[in-house]
Amino acid sequence: MDKKRIVVKIGSSSLTNSKGEIDKAKFMDHIQAIAAARKAGHELILVSSGAVAAGFSKLGYPSRPVTLKGKQAAAAVGQSLLIQSYMKELSPFGILPAQILLTRNDFSKKERYRNAYSTLSELLARGILPIINENDTVSVEELTFGDNDMLSALVSGMIHADQLIILTDINGLYDRNPRENPDAKRFDYLDSITEAMLGFAKGTGSNVGTGGMKSKLIATQTANSLGVKVFIGLGKGEDKLLRILEGNGNGTYIGSKLLTPVKNNKQWISLHSPVAGKIFIDNGAENAILSKGSSLLPAGIYGVDGVFDKGNVVEVYGRNGLLGKGEVLYSSEEIRKLMGKRKPELEIEKVYSSNEVIHRDQWVQLFEGRD
Ligand SMILES: Nc1ncnc2c1ncn2[C@@H]1O[C@H](COP(=O)(O)OP(=O)(O)O)[C@@H](O)[C@H]1O
Ligand SMILES: N[C@@H](CCC(=O)OP(=O)(O)O)C(=O)O
């Protein structure tokens, strides 16, 4: 089998018990499977939940806390317990883990996004097993990933993984919540996640998990849009990851064969960049961008909203509303002077070095009406 780069996301319910402790048997099952997949030559990155679930009982909480300070305090204790266990149990297999705690800001600032990518690549190149979690203790509610399903999707896109494996306490997506409908049917293979599927995926079934199946499906849509195939399910035994990679896993596989990887700068523009302003373009420019894949030139721009600098990301609007997002090569002040002008006029003025306001390589189409 080809050597693959895989992101494995393990949910709280697959690591801990309801009393708020790491479940030794579940934990060791993952360790053995990780070791076997690495031995087979695959590159692995772990996104491990479980910090809150493994920490709350040590702080005297009877169950998973609901307040922000309670969750953050529990995560501070639980995260170190988790990493300690990973270190100890992976060591006999000669695997050295590295703890990486990320916040939403690490993705929204371009330099930090690039830096996270370089660090992860360096760790992989040196044979280390990165273990990622959200930095729960410092993340504030408005600035979180939502859950680790989304974090794992964003990481798998960033490092151009071949597959994202979401290990949970249920063997895949069913057409109704199987905990409430015993005759619900499971999907084995899906090309993509549709709106209808989002409708029948519901919340968590355990008292330690957070997002339930719905958050896994939303994360799957994101991973697929970045060119990464997804498996959602469970498994037992040291060969469970290898079986999943061979296509024999106990769960649902999602993503057609036609998925295309997305370059990191385009991922950053479409999913992480803060929007600094708006540009309004005419029909000719809209056609050129959407149908011919051209860059955006000043001639087609008739309006600018906001104050922004060169290098910021703006939204571009046409007759169909929002068309996409792109990184501008001029400030809002400069674009106001340039807009509507054609090449000869710009050349006579000899002020600007390049004609493009947004280069095609820094443009991401969000309007789905056209290719
Ligand atoms: N249509 C569905 N198919 C499968 N599981 C579902 C569905 N709707 C809701 N669920 C629930 O989602 C749960 C898995 O999510 P969650 O508890 O958040 O797990 P984790 O801790 O692994 O992230 C399942 O145990 C199940 O109760
Ligand atoms: N970052 C949190 C987990 C958040 C989360 O998404 O949990 P889960 O639904 O179990 O994957 C923690 O470590 O407790």
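Order of listing sets the numbers, starting from 1, for every ligand and every atom in it. The basis for the numbers below is simple: all heavy atoms, side chains too, and nothing from hydrogens, waters or symmetry mates.
Only side-chain heavy atoms of Arg179 come within less than 4.0 Å of ligand 1; its backbone N, CA, C and O stay farther off. Contacts of Asp136 with ligand 2, taken as heavy-atom pairs under 4.0 Å, involve the side chain alone. Residue Gln79 does not touch ligand 2, judged by heavy-atom distances below 4.0 Å. Only the side chain of Lys9 comes within 4.0 Å of ligand 1, counting heavy atoms alone; its backbone N, CA, C and O stay farther away.
Distances from ligand 1 to the non-hydrogen atoms of Arg186 include no value under 4.0 Å. Contact annotation: Lys71 has no heavy atom less than 4.0 Å from any atom of ligand 2. Within the structure, ligand 2 lacks Ala75 among the residues with a heavy atom less than 4.0 angstrom away.
Heavy-atom contacts of Gly11 reach the following atoms of ligand 1: 20 (P), 21 (O), 22 (O) (cutoff under 4.0 Å). Every atom of ligand 1 is numbered from 1 in the order shown, and the set under 4.0 Å from a heavy atom of Asp169 is 13 (C), 14 (C), 24 (C), 25 (O). Atoms of ligand 1 lying under 4.0 Å from any heavy atom of Arg176, numbered from 1 in the order shown and given with element: 1 (N), 2 (C). Contact atoms of ligand 1 toward Ser12: 21 (O) (distance under 4.0 Å to a heavy atom of the residue). Those atoms of ligand 1 with a heavy atom of Ser13 less than 4.0 angstrom away are 19 (O), 20 (P), 21 (O), 22 (O).
Ile95 and Met28 fall within the same hydrophobic cluster, defined by Ile, Leu, Val, Met, Phe, Trp and Tyr side-chain heavy atoms under 4.5 Å apart, directly or through other members.
Considering backbone and side-chain N/O atoms, Asp149 never comes within less than 3.5 Å of an N/O atom of ligand 1. At a 3.5 angstrom cut-off on N or O pairs, Ala201 does not count as close to ligand 1. Taking distance alone, with nitrogen or oxygen atoms compared against 3.5 Å, Met213 approaches ligand 1 more closely than that limit. Residue Tyr174 places at least one N or O, backbone or side chain, under 3.5 Å from an N or O of ligand 1.
Which of Lys9, Lys216, Glu134 comes nearest to atom 11 (O) of ligand 2 through a heavy atom is settled by distance: it is Lys9. Evaluated by nearest non-hydrogen atom to atom 2 (C) of ligand 1, the leading choice among Gly251, Gly172, Pro178 is Pro178.
The pair Asp169-Arg179 counts as a salt bridge, with a side-chain nitrogen and a carboxylate oxygen less than 4.0 angstrom apart.
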Verify side-chain contact (heavy atoms from CB on, under 4.5 Å) between Phe367 and Leu322, making sure each step is shown before the conclusion. CA-CA 6 Å; Phe367 171 65; Leu322 180 64; over 6 Å; no
Going through the checks in order, is the side-chain contact (heavy atoms from CB on, under 4.5 Å) test met by Ile289 and Ile358? CA-CA 10 Å; Ile289 291 177; Ile358 296 175; over 6 Å; no
